[in-house]
Trainee: 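Here you go, one structure.
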Amino acid sequence: MNKLKELFLSKKNILSIYYTAGYPNLGDTVPVLDALQSGGADLVEIGMPFSDPLADGQTIQLSSHKALENGMSIKLLFEQLADMRKTIDLPVVLMGYFNPVFHFGVEKFLAKCKEVGVDGVIIPDLPFDEYCTSYKPMFEAYKISNIFLITPQTSDERIRLIDKNSTGFIYMVSSASVTGAKANVSDQQVDYFKRVERLNLKNPRLIGFGIGNHDTFIKACDNAHGAIIGSAFVNLLTQEGASKEKIGTFLKDVRA
Amino acid sequence: MANTYNYHADENGMYGEFGGAYVPEMLYPNVENLKKVYLGIIESDEFQQEYKALLKDYVGRPSPLYLAKRLSEKYNTNVYLKREDLNHTGAHKINNTVGQILVAKKLGKKRIIAETGAGQHGVATATVCALMGLECIVYMGELDVQRQAPNVARMRMLGATVVPAMSGNRTLKDATNEALRDWICNPEDTFYLIGSVVGPHPYPDMVARLQAIISEEIKWQIKEQTEKDYPDYVVACVGGGSNAAGSFFHFLDDDRVKLVAVEASGLGIDSGETAATIAIGSKGIIHGSKTFLMQTDDGQIVEPYSISAGLDYPGIGPQHANLFQTGRAQFLSATDDDALEFVMELTRLEGIIPALESAHAMVALKKMTFKKDDAVVITLSGRGDKDMETYMNRFNL
């Protein structure tokens, strides 16, 4: 069974962690992944750095910039991840912008994902319509989940359409913001979470953007299947490096 | 005469294989809504009346089509300059901002954001925001803030907030990223007033339509001044490509009119310091549309360079990508030095100090050979006031 599907069937309060490949050092991609697994993360999103990450705030802009300076590329990422399934049991999702994937070749990219054992992909600027008309059969052939974002401004009708045409999970952007927004969940956001909950979607939902500590994680878990922490974790890597111990403490504190 | 190929955007904003709307979901509702309403708004009588009245009485249109006699003599042809430099605020940019601000008002938006390179679009946006009493925030690369200081001061005088973009090379690309981030964070009350024929559909088409007044006027002006009802050549510079899109618009389907676009090659096409996207770029996605862009083997966007802040952009509008791909337009490139040479040439031969951007278009006179009886229209997109500091340094004034 697909690792993502298995995870959502077997667990609640999913904690998903995002980090940028090749950050803080080029060789940190796999050590961070190992540390996340042993520290108790449920799902990992590895960011493929892009020169112009327009949906990202300062933290991930800087980590992406540094990772590219370090020499990270899609090609190198697949090399680094080649043996990950020998030790990593967690579902792994790659997240990045469309241009590098398009330039690499979408089919070649999916084939590599399958080869190294990546379970899903999040490409925020790949339009849903273009995915459906041009790429969906390809994703299905390689059994790679394509995960879409929804926001407070996404209509119910479109949420249903996205739900119908995607697998893995729905990425609920918590508010109108770029990544790295202040950790906070307001009543208005909770209304939006409830509205989406009432739609009875087939896919599980994870909440991301503005989730960065225990309080916001719990609030997200009350309203979805779990949450995604990105910038707060990248900030930890910036301060502490790829320290297994600090990563473990971070995860424990979030779950508390 | 007329061919059957359609060079305009289709309903999905595609120009052949280029264009589209590659935006994250956060921007989707705004972009989708604009896509649904923009044509209805700008084709309405109400909009057209208001827009045309502003172009005439506020912008100062029609802009002259001027037969540059001494320049024509030197190059042994007939050079007509389309004087967009004489518009209010000094460039073609105001044609678009006057139109888009009316669209923003129609949509009930209260807060206007814009990106700017040379500052011309920023000034044009700040101007129409002052005119309409709307809040204005302009993102400008920090390097451009330094090299275009007079325009920064003008924007501030007009009441705009100028936010320096600190990422990347701190130029137009980075300012555009910041503006898009602002729009993601403010989806309800904010209108993104894009300054060129770039970005997600419907922007490239909307901006082209609002700049189309340039070619609309050239069409009747050339008829008035020559025995022909069409020019043989229309030449314009391209960064994103808005003045070129407007200059070409009404001639796209007329094969008798040869279209020439001049890119900025900075220190030279192969120097690594260039903004000549068509010359060295490849297909990809930048700022929401599929087009040609300058990128690495890994699909990372390459930082561009040009002496001209308005052409210092690593992509090109999707319509131009298609004009290149189909061969409808010829693409040339001009270096910093080429452009500077023509700044001085135009100044001394015709008494017109052009913007650095526009001087790139003039370089076609050196790179191409025209016939004696050809009518060659060159769009002089802006005036040189904003570049005086560069000219003072380069020409030891």
Side-chain angles (χ1 to χ4, degrees), chain A residues 48-58 61-62 64-65 67-69 71-77 96-105 109 122-130 133-134 148-155 158-159 162 170-173 175-181 209, chain B residues 12-14 17 19-33 35 115 165-169 173-174 176-190 199-201 281-291 293-303 314-315:
Chain A
M48 301 177 283
F50 181 48
S51 54
D52 294 76
L54 60 85
D56 286 300
Q58 280 222 329
Q61 284 176 44
L62 289 174
S64 301
H65 182 75
L68 290 173
E69 253 181 21
M72 187 38 75
S73 66
I74 291 185
K75 186 167 170 278
L76 180 61
L77 178 60
Y97 292 83
F98 191 41
N99 191 57
V101 174
F102 178 77
H103 196 71
F104 190 83
F109 178 78
I122 307 172
I123 305 174
D125 61 339
L126 170 59
F128 175 69
D129 296 342
E130 179 154 343
T133 52
S134 306
F148 284 96
L149 275 53
I150 63 170
T151 80
Q153 280 73 37
T154 311
S155 69
R158 185 166 165 85
I159 294 175
I162 287 172
I170 301 272
Y171 191 132
M172 287 180 70
V173 176
S175 66
S177 76
V178 292
T179 59
F209 288 44
Chain B
N12 295 314
M14 299 305 291
E17 65 178 294
Y22 294 81
V23 293
E25 190 61 30
M26 295 80 112
L27 291 176
Y28 178 84
N30 263 328
V31 168
E32 186 64 16
N33 182 48
K35 176 179 135 187
E115 83 296 337
M166 307 301 291
S167 54
N169 259 19
K173 167 177 85 81
D174 315 294
T176 308
N177 289 338
E178 287 304 325
L180 284 164
R181 288 183 187 120
D182 182 311
W183 207 21
I184 286 173
C185 296
N186 299 285
E188 307 279 353
D189 65 338
T190 298
H201 177 62
S282 54
K283 289 171 198 171
I285 289 100
I286 182 170
H287 296 141
S289 67
K290 189 179 279 180
T291 183
L293 62 131
M294 300 180 357
Q295 56 187 328
T296 66
D297 291 344
D298 185 43
Q300 307 297 335
I301 296 172
V302 169
E303 299 290 350

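Here is the naming used below: chain letters follow the sequence lines, and residue numbers restart at 1 for every chain.
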Trainee: Starting at CD of Gln300(B), measure out to OG of Ser73(A) and round the result to the nearest 0.5 Å.
Mentor: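 Here the rounded value is 8.5 Å.
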
Trainee: Give the minimum heavy-atom separation between Val31(B) and Ala21(B), together with the two atoms involved.
Mentor: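 So the minimum-distance heavy-atom pair works out to CG1-CB, 4.2 Å.
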
Trainee: Do Arg158(A) side-chain atoms and Ile150(A) backbone N/O form a donor-acceptor pair below 3.5 Å?
Mentor: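 No; zero donor-acceptor contacts below 3.5 Å.
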
Trainee: Under 4.5 Å heavy-atom distance to chain A, tell me which part of Glu188(B) shows up: side chain, backbone, both or neither.
Mentor: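 The side chain, not the backbone.
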
Trainee: Go through the atoms of Gln153(A) and report whether side chain, backbone, both or neither lie under 4.5 Å from a heavy atom of chain B.
Mentor: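 For Gln153(A), the contact with chain B is made by backbone and side chain together.
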
Trainee: Which answer fits Phe102(A), side chain, backbone, both or neither, if we ask what part of it has an atom under 4.5 Å from a heavy atom of chain B?
Mentor: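 Phe102(A) touches chain B through side-chain heavy atoms alone.
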
Trainee: If you round to the nearest 0.5 Å, how far is CD1 of Ile286(B) from OG of Ser51(A)?
Mentor: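 CD1 of Ile286(B) is found 8.0 Å from OG of Ser51(A).
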
Trainee: Checking Asp129(A) against Tyr28(B): is there a side-chain donor and acceptor pair closer than 3.5 Å?
Mentor: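 No, no side-chain donor-acceptor pair sits under 3.5 Å.
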
Trainee: Nearest 0.5 Å, what's the CZ-CZ distance between Phe98(A) and Phe50(A)?
Mentor: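 Answer rounded to 0.5 Å: 11.5 Å.
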
Trainee: With a 4.5 angstrom heavy-atom cut-off, is it the side chain or the backbone of Met48(A) that approaches chain B, or both, or neither?
Mentor: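 Neither part; nothing is under 4.5 Å.
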
Trainee: Measure distances from Leu293(B) to the heavy atoms of chain A and classify the residue's part below 4.5 Å as side chain, backbone, both or neither.
Mentor: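 Side chain only.
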
Trainee: Looking at OG1 of Thr291(B) and CD of Glu17(B), how far apart are the two atoms once the value is rounded to the nearest 0.5 Å?
Mentor: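 So the OG1 of Thr291(B) and the CD of Glu17(B) are separated by 10.0 Å.
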
Trainee: What part of Gln58(A) gets closer than 4.5 Å to chain B, counting heavy atoms only: side chain, backbone, both or neither?
Mentor: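 It is neither, since no heavy atom gets under 4.5 Å.
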
Trainee: So for Thr296(B), is it side chain, backbone, both, or neither that comes closer than 4.5 Å to the heavy atoms of chain A?
Mentor: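 Backbone of Thr296(B) only, per the 4.5 Å heavy-atom cut-off to chain A.
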
Trainee: Of all of Lys290(B), His287(B), Glu178(B), which one pairs up most often with chain A through heavy atoms under 4.5 Å apart?
Mentor: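 If we count pairs closer than 4.5 Å to chain A, Lys290(B) comes out on top.
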
Trainee: Which atoms of Tyr22(B) are under 4.5 Å from chain A, going by heavy atoms: the side chain, the backbone, both sets, or neither?
Mentor: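 When you check distances to chain A, atoms from both the backbone and side chain of Tyr22(B) fall under 4.5 Å.
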
Trainee: Mark yes when over 12 heavy atoms from residues, nucleotides or ligands other than Asp189(B) sit less than 6.0 Å from its CG; otherwise mark no.
Mentor: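 Enclosed.
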
Trainee: What pair of heavy atoms forms the shortest contact from Met26(B) to Ala55(A), and how long is it?
Mentor: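 What the structure gives for the nearest pair is CE-CB, 3.7 Å.
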
Trainee: Between Glu32(B) and chain A, which part of the residue has a heavy atom less than 4.5 Å away: side chain, backbone, both or neither?
Mentor: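 Contact with chain A: none, neither part.
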
Trainee: With a 4.5 Å cut-off on heavy-atom pairs, point out which of Pro53(A), Gly57(A), Ser175(A), Ser155(A) contacts chain B the most.
Mentor: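 Max contact count across the listed options: Pro53(A).
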
Trainee: Measure distances from Asp182(B) to the heavy atoms of chain A and classify the residue's part below 4.5 Å as side chain, backbone, both or neither.
Mentor: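 Answer is neither: Asp182(B) stays 4.5 Å or more from chain A.
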
Trainee: Under 4.5 Å, counting heavy-atom pairs only, tell me which of Val101(A), Leu76(A), Ile123(A), Leu68(A) racks up the most with chain B.
Mentor: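 The candidate making the most pairs under 4.5 Å is Leu68(A).
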
